[in-house]
Novice: 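Here you go, one structure.
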Amino acid sequence: MRLNAAASCDVAEIPARGAEFHSPRGAVPPLLKWTGSKRSQAAQIAALAPAYNRYFEPFLGGGALLYLLGRPGSVGGDSYAPLMDFWTMVRDDPESLIEDYRRQWKSLQADFPDYFYLVRDRFNREQRPQDLNFLMRTCVNGIARFSRKGKFNNSFHLSRRGMQPRRFAEIVRDWSCCVANIEFMCGDFSVTVAGSRAGDFVYMDPPYAGNKQRYIGNLEIDRFFTALEELNRRDVKWALSFDGARGSTVYEHAVPPDLYLRKKSIPSGHSAVAKVLNGPVEMVTESLYLNY
Ligand SMILES: C[S@@+](CC[C@H](N)C(=O)[O-])C[C@H]1O[C@@H](n2cnc3c(N)ncnc32)[C@H](O)[C@@H]1O
């Protein structure tokens with residue numbers, strides 16, 4: 001049920017995207033902190049988008065590109081259920097999310113920092129999307145870190161008292177308009193892109209590909225490449241953020257050259273993952289593979 005779907009959103013303002021497309025939306029507002037977020041590179045990636053009918057983002061995470069490229073009829077998906085529950089709430093019930101955050105923020109100021117750990121325990125029992133949002137806003141460097149048993153185990157970021165509720169409310173309402181007519185799916189990337197057809201555009205940002213293992217998280221590389229081949233066969237345009245360079249080390253997951261036409265280098269600042277692991281802070285460049 002759509003409780004509060006974008007009452008004051010003017011989706012007609014969003015023009016059709018074309019090869020010359022530059023998003024009418026400015027910087028991506030920080031809705032959900034998410035590991036590997038493309039917020040800082042989103043404008044550079046969006047500027048390379050082709051003309052397209054529908055937009056698909058099957059590794060949605062914090063959805064930075066969705067903000068710039070999504071339009072009515074777009075599809076966003078992710079395999080992490082609490083995350084997709086969060087997105088559904090932003091779209092369908094933003095005022096409840098805003099109110100919940102306001103209450104949680106007040107509780108944190110009153111019971112600092114113990115309230116964080118109370119929420120963390122509750123999230124590990126109940127998986128409430130509001131709690132995921134709260135934890136991501138206040139945990140060390142905004143990194144979603146889980147134990148082997150799948151329990152969220154990152155700690156409180158002592159200097160982080162959480163974004164002011166009024167600012168959070170503005171951001172949620174803005175995003176809620178943006179995703180008002182977007183379909184969300186919880187599941188494997190292959191399910192999210194299953195309905196894409198010739199003329200559609202898919203942006204993919206799978207989990208960090210900094211090693212040469214066959215699996216990245218739960219993503220099996222060969223199966224992923226087969227899916228890209230299938231998109232090519234259907235004449236679906238896609239862009240893929242995949243490997244890159246960190247400092248002097250280059251991480252190269254060989255995307256088979258016959259699958260794509262161009263490869264661009266996108267500077268992406270410093271590595272937050274290295275920071276949370278107390279590693280050296282290094283400049284990271286990511287590759288963007290395009291099949292058009
Ligand atoms: C690097 S993050 C995406 C970040 C996103 N571009 C942003 O701006 O925040 C990768 C996402 O892929 C999801 N994921 C991992 N394996 C998946 C799979 N097999 N199918 C769909 N999503 C998957 C993870 O839950 C994670 O949210």
Side-chain angles (χ1 to χ4, degrees), residues 23 25 27-46 48-49 55-70 74-88 90 127 129 132-133 135-137 141-146 150 152 171 175 178-179 182-194 196 201-211 213-228 230-231 238-244 246 251 253 266 268-269 271-273 276 284 286-289:
S23 173
R25 301 188 178 115
V28 181
L31 175 64
L32 180 74
K33 283 183 173 289
W34 200 247
T35 316
S37 164
K38 286 292 179 292
R39 249 187 91 219
S40 60
Q41 305 103 283
Q44 294 172 77
I45 297 173
L48 294 167
Y55 175 69
F56 290 74
E57 192 168 342
F59 299 94
L60 188 61
L65 266 293
L66 184 71
Y67 187 81
L68 299 179
L69 298 179
S74 297
V75 183
D78 198 286
S79 57
Y80 187 48
L83 176 70
M84 293 319 297
D85 289 345
F86 173 81
W87 278 112
T88 304
V90 170
Q127 309 268 287
L132 177 66
N133 168 61
L135 292 174
M136 293 309 297
R137 295 215 143 272
N141 290 330
I143 300 280
R145 207 182 61 192
F146 298 93
F152 188 99
I171 291 175
W175 265 97
C178 172
V179 299
I182 285 176
E183 184 184 348
F184 288 128
M185 304 178 80
C186 179
D188 187 66
F189 71 96
S190 54
V191 178
T192 304
V193 301
S196 59
F201 175 53
V202 180
Y203 169 66
M204 287 163 285
D205 183 21
Y208 181 60
N211 58 49
Q213 293 165 357
R214 255 182 78 229
Y215 282 86
I216 307 170
N218 64 357
L219 182 70
E220 210 254 319
I221 298 294
D222 292 338
R223 183 171 70 88
F224 180 58
F225 291 153
T226 305
L228 295 184
E230 174 59 26
L231 291 177
W238 53 257
L240 164 67
S241 292
F242 208 52
D243 53 37
R246 168 175 298 182
Y251 296 94
H253 254 292
I266 312 278
S268 54
S271 164
V273 176
V276 84
V284 179
E286 292 187 351
S287 301
L288 187 72
Y289 295 83

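We count ligands from 1, going down the list as the structure has it; atoms in each ligand are counted the same way.
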Novice: Which heavy atom in Thr35 sits nearest to a heavy atom in Ala144, and how many Å separate them?
Specialist: OG1-N, 2.8 Å

Novice: Taking the six-membered ring for Trp, are the ring centroids of Tyr67 and Trp175 within less than 6.0 Å of each other?
Specialist: yes

Novice: Can you name the nearest heavy-atom pair linking Leu228 to Trp238, along with the distance?
Specialist: O-NE1, 3.7 Å

Novice: I need the minimum non-hydrogen distance between Ala46 and Leu65, along with the two atoms involved.
Specialist: N-CD1, 3.9 Å

Novice: Hey, can you tell me if Phe146 and Phe152 have their rings parallel, tilted or perpendicular (30° and 60° cut-offs)?
Specialist: perpendicular

Novice: Taking distance alone, with N or O pairs closer than 3.5 Å, would you say Gly62 contacts ligand 1?
Specialist: yes

Novice: Would you check if there is a donor-acceptor pair between the side chains of Tyr203 and Ser241 at a distance under 3.5 Å?
Specialist: yes

Novice: Does Asn141 use its side chain to pair, donor to acceptor, with the backbone of Ile143 at less than 3.5 Å?
Specialist: no

Novice: Using non-hydrogen atoms of the residue, decide whether Gly187 is closer than 4.0 angstrom to ligand 1.
Specialist: yes

Novice: Could you see which bit of Trp34 sits under 4.0 Å from ligand 1, with heavy atoms only: side chain, backbone, both or neither?
Specialist: side chain

Novice: Which ligand 1 atoms are under 4.0 Å away from a heavy-atom of Gly61?
Specialist: 9 (O), 27 (O)

Novice: Looking at Ala81 and Cys186, what are the two nearest heavy atoms and their distance?
Specialist: CA-SG, 3.6 Å

Novice: Taking only heavy atoms of Gly36, which atoms of ligand 1 are found under 4.0 Å from at least one of them?
Specialist: 4 (C)

Novice: Could you tell me whether some N/O pair between Arg39 and ligand 1 is separated by less than 3.5 angstrom?
Specialist: no

Novice: When you compare ligand 1 with Pro207, is there at least one nitrogen or oxygen pair between them that comes in under 3.5 angstrom?
Specialist: no

Novice: As a check for students: among Ser79, Ala64, Gly63, identify the option with a heavy atom nearest to atom 17 (C) of ligand 1.
Specialist: Ser79

Novice: Give a yes or no on whether the ring-centroid distance for Phe224 and Phe189 is below 6.0 angstrom.
Specialist: yes

Novice: Taking N or O atoms only and a 3.5 Å limit, does Thr35 qualify as a polar contact for ligand 1?
Specialist: no

Novice: With heavy atoms under 4.0 Å as the rule, classify the contact between Leu60 and ligand 1 as side chain, backbone, both or neither.
Specialist: backbone

Novice: Could you name the option among Val193, Val28, Asp78, Leu31 that has the heavy atom nearest to atom 27 (O) of ligand 1?
Specialist: Asp78

Novice: Residue-level breakdown please: for Ser190 versus ligand 1, do any non-hydrogen atoms fall below 4.0 Å on the side chain, on the backbone, on both, or on neither?
Specialist: neither

Novice: Please report whether ligand 1 has a polar contact with Lys38, defined as an N or O pair separated by less than 3.5 Å (distance criterion only).
Specialist: yes

Novice: Using atom types as modelled and distance alone, determine if a side-chain donor or acceptor of Ser196 lies under 3.5 Å from a backbone N or O of Val193.
Specialist: yes

Novice: Using heavy atoms and a threshold below 4.0 Å, how should the contact between Ala42 and ligand 1 be classified: side chain, backbone, both, or neither?
Specialist: neither

Novice: Against heavy atoms of Pro58, which atoms of ligand 1 measure under 4.0 Å?
Specialist: 21 (C), 22 (N)

